[in-house]
Amino acid sequence: VIIQDPSSTISSSYVFVRTGSIFEGKWLGSGGSHYLEHLLAGGTTKLRSESDYKTIIDQLGGAYNAYTTYDHTAYFIHSSSEDVFTALQTLYEWMFHANWSNQEFEREHGVVIKEMERANSNMNRQVYQKTQSLFYKDSPYRYPVIGYRPVFESLKSNDLMQYYNQQYVPENMVIIVGGNVSENTVLNQIKTTFGAQH
């Protein structure tokens, strides 16, 4: 999807992936989708190092983020219109060429554990999750997006790579670009990157 806005000074590039906590299959309740998001956004790929991506993002203005829900994970980079090509190329590499290191895997493991601890100390979050588990007794929606710590702790790097290869495929992705951009230029780039993965 391309949304053209000639008056815009900032362009936004998004990739929405149809994968979230309800799609985790044999890893249900692990929070693997969320953990994977941590590893992909800015992480090492087969093409560049984590530090390379830090430099690229800094040059684009440093405005990027990602989030995970029950049914999708989203990644986005805000940039100038002239830098949309770089933003899309970066997102493409994260989506299809991830190759995180053991150091990244362990570091983000610790980050997620801290997020779990914060969530467990938040009464509103606890009430919400308890309600979810009661409403959705026979549904994957009963599991928190971040996962349960014992199940999360059992995840191995190979598990996440298997899940990544299973879910991060073109038919599970929607790309949205908005701003003062050329529709033909953006479409051609998407075809030669994301489209070439078919």
Side-chain angles (χ1 to χ4, degrees), residues 12-45 50-51 53-54 57-58 61-78 90-91 93-95 98-169 172-176:
S12 298
S13 303
Y14 284 80
V15 178
F16 293 89
V17 187
R18 189 177 61 179
T19 194
S21 57
I22 66 170
F23 293 105
E24 288 168 3
K26 64 182 179 180
W27 302 288
L28 204 58
S30 69
S33 301
H34 173 251
Y35 194 176
L36 196 52
E37 170 222 312
H38 275 248
L39 292 167
L40 298 189
T44 297
T45 69
E50 186 178 38
S51 61
Y53 288 113
K54 185 179 186 309
I57 293 296
D58 286 346
Y64 85 104
N65 213 332
Y67 66 84
T68 303
T69 71
Y70 289 104
D71 58 18
H72 74 273
T73 305
Y75 302 81
F76 63 88
I77 298 174
H78 301 314
T90 300
L91 289 167
E93 292 174 11
W94 293 349
M95 296 303 97
N99 190 32
W100 56 84
S101 65
N102 288 332
Q103 181 182 0
E104 289 167 78
F105 180 81
E106 293 299 332
R107 183 192 66 212
E108 295 307 318
H109 180 276
V111 171
V112 174
I113 290 294
K114 288 180 180 176
E115 287 186 20
M116 287 180 172
E117 290 170 349
R118 285 198 300 272
N120 289 336
S121 65
N122 183 316
M123 184 58 66
N124 289 334
R125 288 284 294 271
Q126 288 187 52
V127 170
Y128 172 76
Q129 192 51 55
K130 185 64 177 176
T131 303
Q132 289 289 103
S133 66
L134 291 172
F135 276 152
Y136 298 107
K137 290 181 179 179
D138 300 315
S139 164
Y141 279 98
R142 71 187 183 274
Y143 298 108
V145 172
I146 201 169
Y148 293 120
R149 184 163 178 170
V151 190
F152 171 78
E153 294 275 19
S154 70
L155 280 177
K156 303 291 187 291
S157 184
N158 286 342
D159 295 326
L160 284 185
M161 186 56 73
Q162 184 180 341
Y163 183 57
Y164 168 71
N165 289 329
Q166 171 187 305
Q167 296 297 114
Y168 280 69
V169 292
N172 277 353
M173 297 181 185
V174 173
I175 304 160
I176 300 179

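This structure is a prediction, so every number in the text was calculated from the model and none was measured. Values reported hereafter were calculated over all heavy atoms of this structure, with side chains retained and with hydrogens, waters and symmetry mates removed.
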Contact between [X] and [Y] at the side-chain level, heavy atoms closer than 4.5 Å - yes or no?
X    : Y    : value
T73  : F23  : no
E24  : S33  : yes
Y148 : M116 : no
T19  : N172 : no
I113 : E153 : yes
L155 : F152 : yes
T90  : I77  : yes

Shortest non-hydrogen separation from [X] to [Y] and the atoms involved:
X    : Y    : answer
A98  : M161 : O-CE, 3.7 Å
N124 : N122 : N-OD1, 2.9 Å
Y14  : L91  : N-CD1, 4.4 Å
V145 : H34  : O-CB, 4.0 Å
A119 : Q126 : O-CG, 4.2 Å
K156 : F105 : C-CZ, 3.6 Å

Option passing ring pair (Phe, Tyr, Trp, His ring centres under 6.0 Å) with Y64 (candidates Y53, W94, Y75): W94
Hey, what do you get for [atom1] ([X]) to [atom2] ([Y]), rounding to the nearest 0.5 Å?
X    : Y    : atom1 : atom2 : value
Q167 : M173 : CD    : CE    : 10.0 Å
I146 : R125 : CD1   : CZ    : 6.5 Å
H78  : S12  : NE2   : OG    : 4.5 Å
S21  : L28  : OG    : CG    : 7.5 Å
L36  : D159 : CG    : CG    : 11.5 Å

Greater than 12 external heavy atoms within 6.0 Å of D58's CG: yes
H72-Y67 aromatic ring centre distance below 6.0 Å: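 Under 6.0 Å, so yes.
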Partner of H38 under side-chain contact (heavy atoms from CB on, under 4.5 Å), chosen from H109, E104, E115, R107: E115
For the side chain of [X] and the backbone of [Y], is there at least one donor-acceptor N/O pair under 3.5 Å apart?
X    : Y    : answer
E50  : T44  : no
N165 : Q162 : no
Q132 : P144 : no
E37  : G32  : no

Step-by-step side-chain contact (heavy atoms from CB on, under 4.5 Å) determination, V151 to Y143: CA-CA 11 Å; V151 190; Y143 298 108; over 6 Å; no
Parallel, tilted or perpendicular: rings of Y164 and W100 (30°, 60°): perpendicular
Side-chain donor-acceptor pair present, T68, Y35, cut-off under 3.5 Å: no
